[in-house]
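These notes concern the structure reproduced below.
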Amino acid sequence: MRIVLLGPPGVGKGTQAAKLVERYGIPHISTGDALREAVQKGTEIGLKAKSYMERGVLVPDEVVIGIIRERLAQPDCEKGFILDGFPRTVNQAEALDDILRSMGTDLDAVLYITAPDHVIVERLSGRRICRRCGRVYHLITMPPKKDGICDVCGGELYQREDDRPEAITKRLQVYREQTAPLVDYYRGKGKLAEIDGSKSVDEVFSQIVGALEGKR
Ligand code: AP5
C-alpha cells in the first residue's frame with residue numbers, strides 16, 4: 001500500500017503513521033524526521049535545513065525531493081510506504097509522480113487529515129518528544145507517567161524548537177499558502193480521502209482503516 005498523509009502541522013500525521021506501520025508493516029517515511037536527524041548529525045543537508053526549520057518555513061524542494069528519491073529506492077519500499085510530511089508543495093507532488101512513474105507504480109491513497117486551528121495549536125504546544133527513542137507524548141492527552149521522562153526508555157523529553165508559539169503561527173501560514181493547494185491536486189486525481197483528525201487517536205485510526213480497506 002502506498003499512502004500519503006496530508007494535513008496541517010500537528011494534526012496527528014506522525015501518531016497515525018506509527019499505527020499504520022504496526023498494522024500494515026510498511027515503512028514510515030517522514031521528511032521532518034529525516035531532516036531533524038540530519039540537523040542533529042550536522043550533515044551538509046542538516047546545515048542547510050536548520051534555519052528554515054527553526055523559522056517554521058519549508059526547506060527548499062530540491063533538498064527534500066533528493067531525500068525521498070533515495071529513500072523510495074530502498075528495497076523495503078517495494079511493498080509500500082507511508083509518506084508523512086511529503087509532498088508539501090505542488091512541485092514536490094509532481095516530482096513524486098515522476099519518481100513513482102519511473103518505478104512503474106502509483107499512490108493508492110492520500111489521507112487528508114483535518115482539525116480546527118485551535119486543536120492544532122493545543123496539540124503542538126503540548127507535544128513533548130523523547131530525545132532517545134523519539135516517542136511522542138502530549139502533556140494533557142498523552143502524558144508520560146513521570147514528568148519529563150519517557151515511559152519506554154527513560155530518556156529525557158524535550159519540546160521541538162518549532163513547537164514554540166511564533167513558529168507554530170508561521171507553520172500554519174506556510175501550510176495554508178504552500179501545502180493546502182495539494183488537496184485539490186489529489187482530489188482531481190481521485191486519490192483523496194478526508195479524515196476528521198479532531199477525534200481521539202483510535203477514532204481517527206478507524207476512519208483511516210475504513211478509507212484504506214474500502215480501496216483494496
Ligand atoms: P514535520 O516534522 O513534517 O512537521 P509537521 O508537518 O509540521 O507535522 P508535525 O510533526 O508537527 O505534526 P504531526 O501531524 O505529525 O502531529 P503528531 O502526530 O506529532 O516538519 C517540520 C519542518 O521540517 C517543516 O516546518 C519544514 O521546515 C521541514 N520539512 C519537512 N518536510 C518538508 C517538505 N516536504 N518540504 C519542505 N520542508 C519540509 O501530533 C501532535 C501532538 O498531538 C502530539 O503531542 C500527539 O501526541 C498529539 N495527538 C496526535 N493525535 C491526537 C489525537 N487524535 N488526539 C489528541 N492528541 C493527539
Side-chain angles (χ1 to χ4, degrees), residues 4-21 28-40 45-46 48-69 71 82-93 95-96 111-116 118-130 134-144 150-151 157-164 166-180 182 195-208:
V4 165
L5 295 176
L6 176 65
V11 78
K13 302 182 295 295
T15 302
Q16 296 299 327
K19 293 176 77 69
L20 285 164
V21 169
H28 169 206
I29 303 174
S30 155
T31 37
D33 288 347
L35 290 166
R36 277 184 290 280
E37 193 184 327
V39 170
Q40 203 195 355
I45 286 180
K48 237 188 236 176
K50 188 169 190 286
S51 72
Y52 294 97
M53 295 177 78
E54 282 177 357
R55 281 180 286 138
V57 300
L58 297 185
V59 172
D61 282 345
E62 64 275 14
V63 175
V64 282
I65 291 169
I67 291 175
I68 290 295
R69 182 174 284 115
R71 185 63 187 87
I82 303 151
L83 287 176
D84 163 8
F86 183 94
R88 252 177 157 98
T89 62
V90 171
N91 189 29
Q92 291 178 19
L96 177 62
L111 301 167
Y112 171 41
I113 311 179
T114 59
H118 70 92
V119 172
I120 284 169
V121 172
E122 275 163 25
R123 287 190 185 168
L124 288 177
S125 24
R127 174 166 57 186
R128 297 293 182 273
I129 302 168
C130 175
R135 189 183 166 113
V136 177
Y137 294 86
H138 188 279
L139 293 181
I140 316 253
T141 58
M142 271 170 263
C150 178
D151 295 348
L157 304 187
Y158 78 102
Q159 182 174 34
R160 262 168 55 174
E161 239 358 274
D162 61 350
D163 281 348
R164 298 183 194 277
E166 325 72 68
I168 293 177
T169 308
K170 186 67 192 169
R171 285 161 69 197
L172 282 168
Q173 182 200 343
V174 167
Y175 171 78
R176 273 186 216 105
E177 289 170 4
Q178 293 178 264
T179 308
L182 291 182
I195 307 292
D196 178 358
S198 66
K199 307 275 193 235
S200 73
V201 171
D202 288 343
E203 284 171 303
V204 176
F205 190 60
S206 307
Q207 293 177 58
I208 289 181

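As the structure lists them, so they are numbered: ligands from 1, and atoms in each ligand from 1. Note: hydrogens, waters and symmetry copies are ignored here, and every other heavy atom, side chains too, is used. Residue numbers run from 1 in the order of the sequence given. The structure displayed is predicted, hence computed values, not measured ones.
The part of Gln92 lying near ligand 1 is the side chain, judged by heavy-atom distances below 4.0 Å. Contacts between Val63 and ligand 1 below 4.0 angstrom, taking non-hydrogen atoms only, are absent altogether. Under 4.0 Å from ligand 1, the heavy atoms of Val64 that appear belong solely to its side chain. At a 4.0 Å heavy-atom cut-off, ligand 1 does not touch Ala49 at all. Of all the heavy atoms of Met53, the ones lying under 4.0 Å from any atom of ligand 1 are found in both the backbone and the side chain.
Side-chain contact between Ile68 and Ile29 is present, with at least one heavy-atom pair separated by less than 4.5 Å. Side-chain contact between Ile168 and Asp162: absent, with no pair of heavy atoms (C-beta onward) separated by less than 4.5 Å. With a 4.5 Å cut-off on side-chain heavy atoms, Pro87 and Leu182 count as touching. The side-chain heavy atoms of Lys19 and Ile208, taken from C-beta on, include no pair separated by under 4.5 Å. A 4.5 Å side-chain heavy-atom check between Phe205 and Gln16 finds at least one atom pair inside the cut-off. Contact of the Lys48 side chain with the Val59 side chain is not registered, since no non-hydrogen atoms from C-beta on lie closer than 4.5 Å. Contact of the Val204 side chain with the Asp196 side chain is not registered, since no non-hydrogen atoms from C-beta on lie closer than 4.5 Å. Using a 4.5 Å heavy-atom threshold, the side chains of Leu83 and Leu96 count as touching.
Close N/O approach between Lys199 and ligand 1 is found [any backbone or side-chain N/O within under 3.5 Å]. Some N or O of Val11 is nearer than 3.5 Å to an N or O of ligand 1, by distance alone. Inclusion of Thr15 in the set of residues having an N or O under 3.5 Å from an N or O of ligand 1 is warranted. Ligand 1 has no N or O atom lying under 3.5 Å from any N or O atom of Phe86, backbone or side chain. At under 3.5 Å, not a single nitrogen or oxygen of Leu124, backbone or side chain, sits near a nitrogen or oxygen of ligand 1. Annotation: Asp84 places no N or O atom under 3.5 Å from an N or O atom of ligand 1; distance criterion only. At a 3.5 angstrom cut-off on N or O pairs, Pro87 does not count as close to ligand 1. Close N/O approach between Pro9 and ligand 1 is not found [any backbone or side-chain N/O within under 3.5 Å]. Any N or O atom pair closer than 3.5 Å counts here, and Asp162 shares no such pair with ligand 1.
In this structure, Asp33 falls outside the shell of residues with a heavy atom less than 4.0 angstrom from ligand 1. For the pair Arg55 and ligand 1, no heavy-atom separation below 4.0 Å is found. Residue contacts with ligand 1 include Gly10, since one of its heavy atoms falls under 4.0 Å from the ligand. Ligand 1 has at least one atom lying under 4.0 Å from a heavy atom of Arg160. Residue contact annotation: Tyr175 has no non-hydrogen atom under 4.0 Å from ligand 1. Remark: distances from the non-hydrogen atoms of Glu203 to ligand 1 are all 4.0 Å or more.
Ligand-side atoms of ligand 1 in range of Gly85: 31 (N), 32 (C), 33 (C), 34 (N), range being under 4.0 angstrom from any heavy atom. Residue-ligand proximity, Leu35 to ligand 1, at heavy-atom distances under 4.0 Å covers atoms 28 (C), 29 (N), 30 (C), 38 (C). Every atom of ligand 1 is numbered from 1 in the order shown, and the set under 4.0 Å from a heavy atom of Gly14 is 13 (P), 15 (O), 18 (O). The Val57 neighbourhood of ligand 1 comprises atoms 26 (C), 27 (O), with distances under 4.0 Å to a heavy atom of that residue. Residue His138 has at least one heavy-atom neighbour below 4.0 Å for each of these atoms of ligand 1: 44 (O), 46 (O). The ligand atoms of ligand 1 that sit less than 4.0 angstrom from a heavy atom of Arg36 are 2 (O), 21 (C). Close contacts of ligand 1 with Met142, meaning ligand atoms under 4.0 Å from a residue heavy atom, involve 46 (O), 48 (N), 56 (N), 57 (C).
Val136 CG1, 3.6 Å is the protein heavy atom nearest to atom 43 (C) of ligand 1. The single protein non-hydrogen atom nearest to atom 37 (N) of ligand 1 is Val59 N, 3.0 Å, given as residue, atom name and distance. Taking atom 16 (O) of ligand 1 as the reference point, the nearest protein heavy-atom neighbour is Gly12 N, 3.3 Å. Looking only at heavy atoms of the protein, atom 44 (O) of ligand 1 is closest to Tyr137 O, 2.9 Å.
One finds the CD1 atom of Ile195 at 5.5 Å from the CG atom of Leu111 (value rounded to the nearest 0.5 Å). Here CG of Asp163 is found 8.0 Å from CZ of Arg128. Values are rounded to the nearest 0.5 Å.
Checking Lys13, Lys170, Lys50, Arg135 against atom 8 (O) of ligand 1, the nearest heavy atom belongs to Lys13. Distances from atom 24 (C) of ligand 1 to the heavy atoms of Arg123, Arg88, Arg171 put Arg88 nearest.
There is a side-chain donor-acceptor pair under 3.5 Å between Thr89 and Asp61.
Under the 6.0 Å distance and 45° angle rule, Arg88 does not count as a cation-pi partner of Phe86. Figure legend: Arg171 and Tyr175 shown without cation-pi pairing, the cationic atom not lying both under 6.0 angstrom from the six-membered ring centre and within 45 degrees of its axis.
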Note to self: Under the criterion side-chain hydrogen bond (donor to acceptor under 3.5 Å, both in side chains), I'd like the reasoning laid out for Ser200 against Asp202: C-alpha separation, chi angles, the key distance, then a yes or no.
What the structure shows: CA-CA 5 Å; Ser200 73; Asp202 288 343; 5.7 Å; no
Next item on the list: Take Gln207 and Glu203 through the side-chain hydrogen bond (donor to acceptor under 3.5 Å, both in side chains) test and state the conclusion after the steps.
Entry: CA-CA 6 Å; Gln207 293 177 58; Glu203 284 171 303; over 6 Å; no
Next item on the list: Run the numbers on Glu54 and Lys50 for salt bridge (charged side-chain N to carboxylate O under 4.0 Å, His left out), then give the verdict.
Entry: CA-CA 6 Å; Glu54 282 177 357; Lys50 188 169 190 286; 3.0 Å; yes
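Across Ala17 and Ile82, no two heavy atoms sit closer than the pair O-CD1, 4.0 Å. Summarising the geometry of Pro9 relative to Ile120, their closest heavy-atom pair is O-CG2, 3.1 Å, with the distance given to 0.1 Å. Ser198 approaches Pro116 most closely through the heavy-atom pair CB-CD, 4.1 Å.
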